[in-house]
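Reading through the structure tokens given below for one structure.
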Amino acid sequence: QYRLPGEAGDAELAIFTGIGGTPQQNIDRWINQLSNPDGGSPEDSATVKKEQMGSYEVTYLDVSGTFNGGMGPMAGEGSSFEDYRLLGAVIETPKGPWFLKLTGPEATVDRWEDSFKRFVESTEP
């Protein structure tokens with residue numbers, strides 16, 4: 001896990017593998033960690049797209065709203081954080097998927113978005 005600083009508050013980048021569930025189940029879980037302030041479904045505002053990266057397929061997720069849970073320092077019973085953004089990437093390799101998840105205040109994640117994408121594109125799982 002890494003802390004990415006920002007004036008709106010720090011974001012967290014987590015990189016992991018070997019967790020349960022399919023890539024899609026993890027994407028769905030990430031989407032459901034956020035809620036929309038207008039009461040709409042978080043799926044309505046989520047963008048999911050697949051890209052080819054060399055011989056690997058990458059699924060990207062971009063979703064914003066009120067963050068209601070997760071792991072790491074942002075976890076906690078009853079914790080919720082407004083105006084958050086989650087960028088996710090799942091890199092599917094023959095040895096299993098790698099997951100990259102950037103979560104934090106929307107302005108901070110906006111600041112790190114290009115770096116996140118370049119980082120994903122530079123990986124060689």
Side-chain angles (χ1 to χ4, degrees):
Q1 292 179 326
Y2 300 90
R3 181 182 60 84
L4 302 178
E7 289 185 24
D10 294 344
E12 175 185 277
L13 173 62
I15 303 168
F16 45 96
T17 188
I19 62 171
T22 67
Q24 187 60 53
Q25 288 170 327
N26 282 280
I27 293 282
D28 292 342
R29 182 171 52 247
W30 292 350
I31 291 170
N32 287 305
Q33 289 177 341
L34 288 106
S35 60
N36 288 339
D38 64 6
S41 170
E43 287 109 4
D44 295 341
S45 62
T47 301
V48 178
K49 66 180 180 177
K50 294 184 184 249
E51 293 182 9
Q52 201 64 32
M53 185 177 79
S55 61
Y56 305 113
E57 184 173 81
V58 180
T59 303
Y60 286 100
L61 167 66
D62 186 348
V63 62
S64 300
T66 300
F67 185 71
N68 298 303
M71 301 173 72
M74 291 184 279
E77 188 173 333
S79 296
S80 65
F81 304 90
E82 293 182 2
D83 300 319
Y84 260 50
R85 185 174 178 199
L86 186 156
L87 296 179
V90 180
I91 305 170
E92 296 187 51
T93 76
K95 294 184 178 184
W98 280 83
F99 301 90
L100 297 91
K101 180 181 170 192
L102 174 59
T103 310
E106 193 162 0
T108 303
V109 174
D110 290 351
R111 174 181 173 212
W112 290 100
E113 180 177 8
D114 289 339
S115 296
F116 176 79
K117 179 123 187 194
R118 284 194 311 271
F119 180 72
V120 171
E121 291 170 348
S122 73
T123 59
E124 295 184 29

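Positions are given from 1, in the same order as the sequence printed here. For the numbers below, each heavy atom of this structure counts, side chains included, while hydrogens, waters and symmetry mates do not. What you see is a predicted model, and the numbers here were worked out from it, not measured in a lab.
With rounding to the nearest 0.5 Å, the separation of OG in S80 from CG in L34 is 10.5 Å. To the nearest 0.5 Å, atom OG1 of residue T123 and atom CH2 of residue W98 are 9.5 Å apart. T59 contributes atom OG1, which lies 11.5 Å from atom NZ of K49 (distance to the nearest 0.5 angstrom). In this structure, the separation between CG on N68 and OH on Y84 is 11.5 Å, given to the nearest 0.5 Å. Note: N32 CG to S41 OG = 7.0 Å, rounded to the nearest 0.5 Å. How far OH of Y60 is from CD1 of I91: 7.0 Å, rounded to the nearest 0.5 Å.
Applying the salt bridge (Lys or Arg N to Asp or Glu O under 4.0 Å) definition to pairs two or more places apart or across chains, those involving residues 53-64 are K50-E57, D62-R85.
When all heavy atoms are compared, the tightest approach of V58 to A89 is CG1-CB, 4.3 Å. Taking both residues in full, the closest heavy atoms of M53 and E121 are given as SD-CA, 3.6 Å, listed atom of the first, atom of the second, then distance. Nearest heavy atom pair, residue R111 against residue G6, reads NH1-CA, 3.9 Å. Across every non-hydrogen atom of V109 and A11, the tightest pair is CG2-CB, 4.2 Å. Here the closest non-hydrogen pair linking G88 and F116 is C-CZ, 4.0 Å. The minimum heavy-atom distance linking E92 with P23 is given by the pair CD-CG, 3.9 Å.
A donor-acceptor pair is defined here as one N or O able to donate and one able to accept, closer than 3.5 Å; no such pair exists between the side chain of W30 and the backbone of L87.
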_L100 vs V120, side-chain contact (heavy atoms from CB on, under 4.5 Å): CA-CA, chis, key distance, verdict_ = CA-CA 8 Å; L100 297 91; V120 171; 4.1 Å; yes
Considering only distance and modelled atom types, tabulate donor-acceptor pairs under 3.5 Å from the side chains of residues 13-20, sequence neighbours left out.
unit_1: T17; atom_1: OG1; unit_2: P97; atom_2: O; d: 2.8

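Under a cut-off of 6.0 angstrom, the local environment of CD in E113 is crowded, with over 12 non-hydrogen atoms contributed by other residues, nucleotides or ligands. Atom CD of Q52 has more than 12 heavy atoms from other residues, nucleotides or ligands within 6.0 Å.
Qualifying side chain to side chain contact (heavy atoms under 4.5 Å, CB included) partners for A8, counting only residues two or more places apart in sequence or in other chains: P105, A107, T108.
Using a 4.5 Å heavy-atom threshold, the side chains of E43 and V63 count as separate.
In this structure, a donor-acceptor pair under 3.5 Å is absent between the side chains of T22 and Q24.
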